[in-house]
Amino acid sequence: MRALLSRELALALRSGGGAAQGLVFFLIVVLLVPFGMGPEPDALARVAPGTLWIAALLSCLVTLDRLFQTDWEDGSLDALALSPVPLEAVVAIKALAHWLTTGLPLLVIAPLLALTLQLPGQAYPWLVASLAAGTPALSFIGAIGAALTLGLRRGGLLIGVLTLPLYIPTLIFGARCAIAAADGQDPVPALALTAALTLAILALTPFAVAQILRIQIR
């Protein structure tokens, strides 16, 4: 399993896809907001948590089409399905590698981009905590869309249609955590709900995705 994780990380970094593409998309979306809304600090501060969360969500989404597609095209997915490692574990490792190469870099750069959106200082740690608690769910939910659209043309667009509705609870609770901190309210309940939701998703989605992949491989 460790070798599989190393392989997935190497493929993501070698292709120049996951980390670079997601990070650049995140930067562009966030930096465009001040141009569209104007430079008023109060207006930017109000939308900062939601903007950063939506940008993180979209950055995750644009890199999902390669999650299983490359392995499907070169036959590696069949080999992985027949390997001693359960397909559920393979799915979990691939989703984890996707988060490490797309979600994790966003945690590092999010506080810097929050400066451009005038996010109040007391909300910074809670913004990072909410992204840390919620972005793994984005990768695992996205695996469902990636599996359902395997082998289809323009699968990237379909992944968005299929997974965006499933992202809504994580988006609501994650952004609410940073909003509460920025408003001087207690952000812990929203953070706890975000973490609980993510744990449930991490526990359930590998089984659902593995079953979808078995149907696709037949």
> Enumerate the salt bridge (charged side-chain N to carboxylate O under 4.0 Å, His left out) contacts for residues 124-147, please, sequence neighbours excluded, ordered by first and then second residue.
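For residues 124-147, and leaving out neighbouring residues, there are no salt bridge (charged side-chain N to carboxylate O under 4.0 Å, His left out) pairs at all.
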> What are the two closest non-hydrogen atoms of Ala146 and Leu67, and how far apart are they?
CB-CB, 4.0 Å
> Once you round to the nearest 0.5 Å, how far does OG of Ser139 lie from CG of Leu61?
10.5 Å
> Sorted by first residue and then second, give each side chain to side chain donor-acceptor pair (under 3.5 Å) pair with at least one member in residues 161-181; sequence neighbours left out.
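Sorted pair list: Arg176-Gln185.
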> Kindly give the heavy-atom pair with the smallest separation between Ala180 and Pro187, and that separation in Å.
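Minimum heavy-atom separation between Ala180 and Pro187: CB-CA, 4.0 Å.
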> For residues Ala110 and Leu52, report the shortest heavy-atom separation together with the two atoms involved.
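Taking Ala110 first and Leu52 second, the nearest heavy atoms are O-CD2, 4.4 Å.
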> Not counting sequence neighbours, list each pair that qualifies as a side chain to side chain donor-acceptor pair (under 3.5 Å) and has a residue in residues 52-61.
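Of all non-adjacent pairs touching residues 52-61, those that pass side chain to side chain donor-acceptor pair (under 3.5 Å) are Trp53-Ser130.
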> Within this structure, what is the NE2-CG distance for the pair His98 and Leu138, rounded to the nearest 0.5 Å?
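It is 9.5 Å, given to the nearest 0.5 Å.
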> Can you sort out the partners of Gln118 under side chain to side chain donor-acceptor pair (under 3.5 Å), two or more places apart, ordered by chain and number?
none
> What's the separation between atom CZ in Phe173 and atom OG1 in Thr194, rounded to the nearest 0.5 Å?
7.0 Å
> What's in the same ILVMFWY side-chain cluster as Leu191, cut-off under 4.5 Å, chained through other members?
Trp126, Val188
> Run the side chain to side chain donor-acceptor pair (under 3.5 Å) test against Gln211 and tell me which residues pass, sequence neighbours left out.
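If we apply the side chain to side chain donor-acceptor pair (under 3.5 Å) test to Gln211, skipping adjacent residues, there are no hits.
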> Considering residues at least two apart in sequence or located in another chain, which fulfil the salt bridge (charged side-chain N to carboxylate O under 4.0 Å, His left out) criterion with Glu88?
Arg214
> One pair to check against side chain to side chain contact (heavy atoms under 4.5 Å, CB included): Ile212 and Phe207. What are the steps and the verdict?
CA-CA 9 Å; Ile212 295 169; Phe207 295 95; over 6 Å; no
> Counting only N and O atoms by type, is there a donor-acceptor contact under 3.5 Å from the side chain of Gln122 to the main-chain atoms of Ala182?
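The answer is yes, because a donor-acceptor pair under 3.5 Å joins these two groups.
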> Does Ala95 have any side chain to side chain contact (heavy atoms under 4.5 Å, CB included) partners at least two apart in sequence or in another chain, and if so, which?
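Residues passing side chain to side chain contact (heavy atoms under 4.5 Å, CB included) with Ala95: Phe140.
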> Do Gln216 side-chain atoms and Leu148 backbone N/O form a donor-acceptor pair below 3.5 Å?
yes
> Could you tell me if the side chain of Thr149 sits less than 4.5 Å from the side chain of Asp65, heavy atoms only?
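A side-chain contact under 4.5 Å is absent here.
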> What residue pairs, at least two apart or across chains, pass salt bridge (charged side-chain N to carboxylate O under 4.0 Å, His left out) with a residue in residues 21-49?
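Qualifying pairs, neighbours excluded: none.
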> Kindly determine whether Leu171 and Ile54 satisfy side chain to side chain contact (heavy atoms under 4.5 Å, CB included), including the steps that lead there.
CA-CA 7 Å; Leu171 173 65; Ile54 291 172; 4.1 Å; yes
> So do Leu150 and Leu77 actually touch side chain to side chain, heavy atoms under 4.5 Å?
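Touching, per the 4.5 Å side-chain cut-off.
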> Working to the nearest 0.5 angstrom, can you tell me the gap between Leu131 CG and Leu104 CG?
11.0 Å
> With a 4.5 Å heavy-atom cut-off, do Pro111 and Val128 have their side chains touching?
yes
> Hey, quick one: are Leu127 and Leu117 part of the same hydrophobic cluster, counting side-chain heavy atoms closer than 4.5 Å, chains of contacts allowed?
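Yes.
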> Hydrophobic cluster membership, with links at side-chain heavy-atom distances under 4.5 Å among I/L/V/M/F/W/Y: are Val85 and Leu213 in one?
yes
> Do Leu202 and Leu204 belong together in a cluster built from hydrophobic side chains that touch within less than 4.5 Å?
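Different clusters.
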> Please enumerate all residues that pass side chain to side chain contact (heavy atoms under 4.5 Å, CB included) together with Ser76, with sequence neighbours excluded.
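So Ser76 forms a side chain to side chain contact (heavy atoms under 4.5 Å, CB included) with Arg7, Asp71, Asp74.
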> Counting only pairs under 3.5 Å, give me each side-chain donor-acceptor contact of residues 23-39, with atom names and distances, residues two or more places apart or in other chains.
none

> Taking side chain to side chain donor-acceptor pair (under 3.5 Å) as the test, write out the residues that go with Thr135, two or more places apart.
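Once residues adjacent in sequence are excluded, the partners of Thr135 under the side chain to side chain donor-acceptor pair (under 3.5 Å) criterion are Trp99.
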> Where do Ile159 and Gly145 come nearest, in terms of heavy atoms and distance?
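Taking Ile159 first and Gly145 second, the nearest heavy atoms are CG1-O, 3.6 Å.
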> Ignoring hydrogens, what is the shortest heavy-atom contact between Leu87 and Ala210? Give both atom names and the distance.
CD2-O, 3.6 Å
> When you group the ILVMFWY residues by side-chain heavy-atom contacts below 4.5 Å and let the links chain together, are Ile172 and Leu199 in the same group?
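No, because Leu199 and Ile172 fall into different hydrophobic clusters, even though each may have its own neighbours under 4.5 Å.
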> Pick one: which of Ile141, Leu100, Thr198 meets side-chain contact (heavy atoms from CB on, under 4.5 Å) with Pro136?
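By the side-chain contact (heavy atoms from CB on, under 4.5 Å) criterion, Pro136 pairs with just one of Ile141, Leu100, Thr198: Thr198.
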> Between Thr116 and Leu113, which heavy-atom pair has the shortest distance, and what is it?
OG1-O, 2.5 Å
